Amino acid sequence: MSINCAAVDRLIDSMSFTQKVGQLNQRLLGWKSVERNVAGRLVASDELKQEIDRWGGLGTLYGLLRADPWSGQHWGNGIRPEERTEAIAVVQQTVLERAAHGIGVLLSEEAPHGHQALGGTVLPTNLGLGATFDPQGVQEAEAAVAAELAASGIHIALVSGLDIARDPRWGRCEECFGEDPLMAARMCEAIVTGMQGEHRSKVGHGGVAVVLKHLAAQGEAVGGRNGQSAVLGPHDLHEIHLPPVAAGVRAGALGFMAAYNDIDSVPCCANPWLLKDYLRDQLGFDGIVMADGLAVDRLEDMAGSIPAAGRAALLAGVDVSLWDEGFTRLEEYADDEQVVAAVDTALRRVLELKAMFGLLPEDGADTAAIAMPSADAIAQATADGREQAKRMAREAITLINDGQSAATLDDIRSVIADAQAGPVIVAGPFADDFGCFLGDYTAPLPADEQSSVYRQLVARLGEDRVLLAAKPSDAPADQWARASTVVFVCGSTSERSYDSEFDDNGAAKAVTEYGATCGEGVDLSDIRLPWRQDDMLGEVAALTTAPIVSVAVCGRAHVLTDVLERSAVTIWAGYAGQYGPQAVADVLVDGADMSGRLPVTLPAYPAAIPVRYNDRQSAAHVYKDAAEPILRGFGYGAGSLAAVTFSEMHADTQSHPGEVLVQVTAHADDHGAAGAVNLFAHVSGGRRIPRLAMLVDSVYMDLNAGERRDIAFHVPCDRLRDVGDGQVQVTCTLDGDSTHTVTATLPGEY
């Protein structure tokens with residue numbers, strides 16, 4: 001929908017200062033805006049009516065459909081899929097009836113890996129999506145999520161994507177696409193294009209506006225402590241943490257969320273350089289900046305008071321608040337010319353976004369004519385989302401160890417397929433667990449959609465063949481002795497219970513002894529597998545001679561050294577989403593290929609961290625008690641592409657001005673292969689210590705059996721050069737394989 005700038009101007013001129021401030025607030029928790037009457041129908045709550053009356057309207061409403069332990073919404077009391085139309089109608093009609101200017105409310109929802117609502121699609125978390133190295137696949141999956149949101153009457157999707165996993169102690173690593181800025185940038189572009197369409201073409205037409213979070217450098221927090229200071233210089237800030245931001249702007253993102261952390265002591269939500277000079281002036285961003293939940297109020301110590309905190313955030317470039325009181329106190333600055341001007345600027349951005357969704361009254365009309373959700377469209381979009389979730393779960397599964405003992409994965413598959421072989425024992429704390437695959441920010445799923453690795457194997461092999469032993473003592477010694485295969489499901493979980501304690505922003509405050517070990521608020525000082533799982537695996541290995549397949553369900557780069565040593569095969573599954581158990585069974589029983597690659601570096605020791613592939617100095621042989629601190633490197637994957645051979649690799653710096661063209665020929669074996677082929681570079685000759693390696697391009701390919709194909713990597717020279725003069729030498733390596741390396745020299749005078 002085109003924006004009528006004159007109509008927006010007239011609206012702004014007609015509003016009181018209080019009404020203007022009200023349009024910038026997102027204070028009310030959406031699930032508290034409706035309630036059920038005695039007949040069980042949804043009606044507007046007094047809290048919603050009071051909020052509308054206070055401001056003469058309502059700017060943005062957060063989380064109307066959200067369901068999870070923090071909100072307290074579940075299948076017994078939350079808004080079910082078939083009630084979404086009713087809930088949206090109640091809220092919008094109440095706003096229009098009570099508002100002064102007939103303006104509808106923007107509805108925002110959490111969608112970090114699918115819609116966080118009852119019945120919503122649950123994709124793999126970003127760390128799992130990152131393992132696919134497949135931006136096109138992510139774009140298609142996010143388009144399906146956006147279709148569900150739009151069909152449900154939602155306008156804004158709050159989507160993680162900007163954070164870079166720099167320290168595995170940080171509980172929110174699962175929300176990162178990994179440790180690499182280029183892949184994160186491509187994934188952010190995929191999110192925006194998928195949800196908003198090319199050039200924002202789907203916004204208001206089957207798509208939603210994306211608010212990318214979190215801006216910026218939250219993954220660099222000291223010690224992996226959530227919301228803490230990011231201590232880094234401007235060069236590393238631009239090279240590691242800002243590429244996803246720039247990619248989001250290029251793709252047309254309509255929103256960014258300012259993070260909790262500070263960068264060199266300046267809070268992100270009160271950083272005019274970040275939110276104005278860089279984001280708007282340098283990148284040309286024209287959408288809204290939203291503060292993270294209660295982040296404005298956390299400025300009180302810096303600003304001196306809650307009202308001053310609201311003023312500081314507004315003047316720094318925040319347009320829309322989230323749950324805080326600081327923006328509600330902007331009324332106190334009605335005589336402050338700076339605040340008045342900044343309020344009008346932010347208001348214009350909010351109203352222009354509302355115009356895209358038809359939330360402003362047309363010329364001559366008293367109120368907006370808001371289209372209501374369609375139950376059929378919701379059902380169709382949800383079904384499409386489920387198919388995308390299945391596909392992305394399969395792509396996320398990563399083989400990180402094969403044939404550690406005499407048995408290979410192919411050997412184990414043959415044994416599993418042999419109905420006359422001994423029992424398959426599914427062991428480990430997550431053997432019959434579903435929630436471990438889901439990640440944080442997930443609504444509860446109905447019981448009939450829940451599964452586990454154990455239940456999936458039973459469904460395919462039969463109850464007589466598959467035994468459950470969450471603890472080694474759960475199976476008798478004779479069964480361990482007869483076992484043909486052991487599947488050990490280990491890792492971590494972000495699943496919250498409804499009796500968990502939370503901080504006021506929804507982060508985990510306290511969890512039970514065997515509760516969440518990952519997710520927001522669950523930072524760890526020890527990244528070994530929790531609950532002594534290494535010891536448990538040792539007990540299992542002592543009970544049987546059967547080959548062990550370990551399935552690591554992880555939201556961070558846990559230390560898996562003991563797991564690899566004791567397992568014939570190790571599969572890394574990230575948090576693969578609601579279809580994660582099926583994807584694991586597809587691999588073990590159906591022989592599905594694994595195209596995934598590690599999106600993070602796996603450390604070999606718990607204290608030899610952080611280690612990243614793109615550090616400037618190697619950690620090898622530094623620690624005298626941990627000479628080789630890396631267990632598996634970034635991009636490692638021993639799956640379907642392992643059988644592809646490469647030849648005829650060469651670099652061309654002449655035919656394409658401004659870039660290095662690297663070409664190589666791929667040959668598939670007689671099974672075919674799919675997955676990402678990555679090109680890394682090491683640069684020397686600049687004025688800085690070079691990174692050990694940089695991912696400079698990645699091509700996702702699908703080869704038929706026996707196919708031979710030429711692959712071209714296009715590497716912009718500005719990604720390789722540093723500020724200075726003289727020649728730069730670039731060594732390009734294919735997936736870390738020193739047998740496929742070419743060297744090119746870039747000319748000086750740049």
Side-chain angles (χ1 to χ4, degrees), residues 75 122 386 389-390 393-394 397 399 405 407-438 444-491 493 495 514 531 533 536-537 539-553 563 566-571 573 575-594:
W75 287 96
V122 183
R386 295 290 199 273
K390 290 177 185 176
R394 289 192 295 268
I397 304 299
L399 181 62
S405 64
T408 67
L409 178 58
D410 286 340
D411 296 333
I412 291 169
R413 285 168 167 166
S414 296
V415 171
I416 290 175
D418 183 359
Q420 304 306 311
V424 175
I425 299 180
V426 188
F430 300 112
D432 193 24
D433 189 87
F434 175 63
C436 66
F437 282 93
L438 301 181
L445 275 80
D448 61 358
E449 292 190 29
Q450 298 185 24
S451 187
S452 68
V453 173
Y454 165 69
R455 279 173 271 176
Q456 282 295 312
L457 292 178
V458 166
R460 301 176 195 216
L461 302 176
E463 291 184 354
D464 294 338
R465 182 82 192 285
V466 182
L467 302 179
L468 176 64
K471 300 187 298 294
S473 59
D474 289 346
D478 65 316
Q479 295 287 19
W480 286 111
R482 292 181 52 241
S484 64
T485 306
V486 174
V487 179
F488 186 78
V489 189
C490 58
T493 179
E495 186 179 23
Y514 291 101
W531 315 334
Q533 292 178 68
M536 185 185 299
L537 179 56
E539 294 176 37
V540 168
L543 287 169
T544 183
T545 58
I548 298 173
V549 177
S550 286
V551 179
V553 185
V563 173
R566 290 171 171 151
S567 308
V569 172
T570 305
I571 295 168
Y575 290 154
Q578 68 190 96
Y579 296 105
Q582 288 93 321
V584 171
D586 289 345
V587 166
L588 296 179
V589 180
D590 299 339
D593 287 335
M594 285 174 279

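The structure presented is a predicted model; accordingly, all values stated were derived computationally and were not measured. Residues: numbered from 1 along the sequence shown.
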Looking only at atom types and distance, does a side-chain atom of [X] sit under 3.5 Å from a main-chain N or O of [Y], one as donor and one as acceptor?
X: D418; Y: V415; result: no
X: T544; Y: W480; result: yes
X: R394; Y: V587; result: no
X: Q456; Y: P581; result: no
X: Q533; Y: G491; result: yes

For the student: nearest non-hydrogen atoms of L467 and Y454, plus distance | C-CE1, 4.0 Å
F488 and G428 have their tightest heavy-atom pair at CE1-CA, 3.6 Å
Would you indicate whether the side-chain heavy atoms of [Y] and [X] approach each other to under 4.5 Å?
X: I416; Y: V589; value: yes
X: D433; Y: S452; value: no
X: Y575; Y: E495; value: no

Can you give the donor-acceptor pairs under 3.5 Å from side chains of residues 468-476 to other protein atoms, not counting sequence neighbours?
unit_1: D474; atom_1: OD2; unit_2: A470; atom_2: N; d: 3.3
unit_1: D474; atom_1: OD2; unit_2: K471; atom_2: N; d: 3.0

Evaluate the side chain to side chain donor-acceptor pair (under 3.5 Å) criterion for residues S414 and D411: first the C-alpha distance (whole Å), next the side-chain angles of each, then the deciding distance (0.1 Å), finally the verdict.
-> CA-CA 5 Å; S414 296; D411 296 333; 5.7 Å; no
Check V569, T485, I571 against L588 for a side-chain contact (heavy atoms from CB on, under 4.5 Å) and give me the one that passes.
-> I571
Residues in side chain to side chain contact (heavy atoms under 4.5 Å, CB included) contact with P547, at least two apart in sequence or another chain = A407, I412, A568
Is atom CG of D478 surrounded by more than 12 heavy atoms (other residues, nucleotides or ligands) closer than 6.0 Å?
-> yes
Give a yes or no on whether a salt bridge exists between D586 and R460, defined as a side-chain N under 4.0 angstrom from a carboxylate O.
-> yes
